[in-house]
Amino acid sequence: MNTPAYIGRFAPTPSGFLHFGSLVAALASYLDARAVGGRWLLRMEDLDPPREMPGAQAAILTALENYGFEWDGEVAYQSQRHDAYGQLIDRLFQQGLAYACTCSRKQLEPYQGIYPGLCRNAGHGQHDAAIRIRVPELNYAFEDRVQGRFAQHLGRDSGDFVIRRRDGLYAYQLAVVLDDAWQGVTHIVRGADLLDSTPRQLYLQELLGLPQPRYLHVPLIIQPDGNKLGKSYRSPPLQADEAGPLLLRALRALGQPAPAELHDATANEILGWGITHWDASLIPRVLTLAEAQLQP
Ligand code: GLU
Ligand code: ZN
C-alpha cells in the first residue's frame, strides 16, 4: 500500500470544551486535509488528568460530530501511550541526552521560563525530579505555510526543557512529537499559540530521527481584552444548533469567502463547500484575530 501523501490531525486537550478558537483550528486542519483527499485523524491529548474537565472528552467528540467532522479510524488517546513515552525518556536519560532536575519553581522564578541549566551536570537520579532534555546552542527555523519563516535559538529562547514533570506527567512537547510520527502525520495545522513550541519540536524530531511535518499555524482567536478564548474563563460548549453560523464565522476567520447562499446551509453542506473551495493562501497572515471583528 502506498503511504498517503497527506495525513493531518486535530489534537484537542480535554481541559475544557471546544470553543470558537478550537473550531477554527479544527476546521482549518480538516479542510486542508480533505481538500487534497488526505486523511484526518483525531487524537485526545489527555496527558494531564488533574487539569482535565470531567465530561470534556465526550463533549469534544459530540461537538465535532454535530459540526459535521468525520475522522478516520479510531480516536487515539495519549493516556494509552505512557509506555512509549516512558521508554523513550529512559533511553534519553541513559544516553545522557536528558537529565534529572530538582530545581523548585521558586528557584527558577528569576529566569522567566528559560532554564539556565543548573542541574545539567548534577547527576541527580530520576526519582522525585523533572526530566529535561539538553538543547544545543543552535537556531531552529522552519517555513510556516501561513506565518512565514519562524526561528528560535534554543539555548537563549527556551533552554533545556521538561519532557517529564516532577509529578510524573509527560510533557506535551515530547508526546506530540512522538505521536505525530507514530500516526504518520505529514501536515500539522493548529493555532498560532503553538508557533513558539515548534522549534523545540523540530529539535526533538531531529534528535529522534523522525520526519519533519509541514506546519501551518492559523491565527489565534482572542477576546476583545486580548486574552485567548477559553483561557481566562471557561467557554461554554459549542451548541449543536449553532453549527451553521459558527462554521460560517470560522470560514470567515480563515479568509475563505463563503457565499451568501450558504447562509441557511447545514454543517455538512458548509464543510462540503469548504473542502471544494479551500485556499490556504487566503488565511490571514497574522498571529491573532479578535473574535468581535468576525461578527456577521
Ligand atoms: N493539544 C494541543 C492544544 O489543544 C494542540 C497540540 C497540537 O496541535 O500540536 O492546544
Ligand atoms: Zn534544575
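Any value given below was found using the heavy atoms of this structure, including those in side chains, with hydrogens, waters and symmetry copies removed. Counting convention: from 1, in listed order, for ligands and their atoms alike.
Below 4.0 Å from some heavy atom of Tyr172 lie the following atoms of ligand 1, by number and element: 6 (C), 7 (C), 9 (O). Close approach to Leu194 involves these atoms of ligand 1, each under 4.0 Å from a residue heavy atom: 5 (C), 6 (C), 7 (C), 8 (O), 9 (O). Taking a cut-off of under 4.0 Å to the non-hydrogen atoms of Arg9, the atoms of ligand 1 that pass are 7 (C), 8 (O), 9 (O). Interface atoms of ligand 1 facing Val176, defined by a heavy-atom separation under 4.0 Å, are 9 (O).
In terms of modelled atom types and a separation under 3.5 Å, the side chain of Glu269 and the main chain of Thr266 share a donor-acceptor contact. Under the 3.5 Å distance criterion, the side-chain polar atoms of Gln107 are left unmatched by any main-chain donor or acceptor of Arg105.
With a 4.0 Å heavy-atom cut-off, ligand 1 is reached by no atom of Ile188. If you look at Thr13 next to ligand 1, the close heavy atoms, those under 4.0 Å, come from the backbone and the side chain alike.
Counting only residues at least two apart or on different chains, the ring pair (Phe, Tyr, Trp, His ring centres under 6.0 Å) pairs with a member in residues 183-212 are Tyr6-His187, Tyr140-Tyr203.
Between the choices Glu45, Arg190, His217, Arg43, the shortest heavy-atom distance to atom 9 (O) of ligand 1 belongs to Arg190.
Inspection of the Gln152 and Arg200 side chains reveals no N or O donor paired with an N or O acceptor under 3.5 Å. Side-chain polar atoms of Gln201 and Gln173 form a donor-acceptor pair below 3.5 angstrom.
With contacts defined as side-chain heavy-atom distances shorter than 4.5 Å, the pair Pro14/Ile60 qualifies.
Here the closest non-hydrogen pair linking Tyr170 and His82 is OH-O, 3.6 Å.
When the side-chain hydrogen bond (donor to acceptor under 3.5 Å, both in side chains) test is applied to Gln78, the partners found at least two apart in sequence or on another chain are Glu45, Asp179. Applying the side chain to side chain contact (heavy atoms under 4.5 Å, CB included) criterion to Leu118, with sequence neighbours excluded, gives Cys103, Leu108, Tyr111, Tyr115, Pro116.
Excluding water, every protein N/O/S atom under 2.8 Å from the Zn ion (ligand 2) is given here by residue and atom: Cys101 SG, Cys103 SG, Tyr115 OH, Cys119 SG.
Checked options Trp40, Phe10, Trp71; the residue passing with Tyr30 is Trp40 (criterion: ring pair (Phe, Tyr, Trp, His ring centres under 6.0 Å)).
Residue contacts with ligand 1: Ala11 is placed with a nitrogen or oxygen under 3.5 Å of a nitrogen or oxygen of the ligand (distance criterion only).
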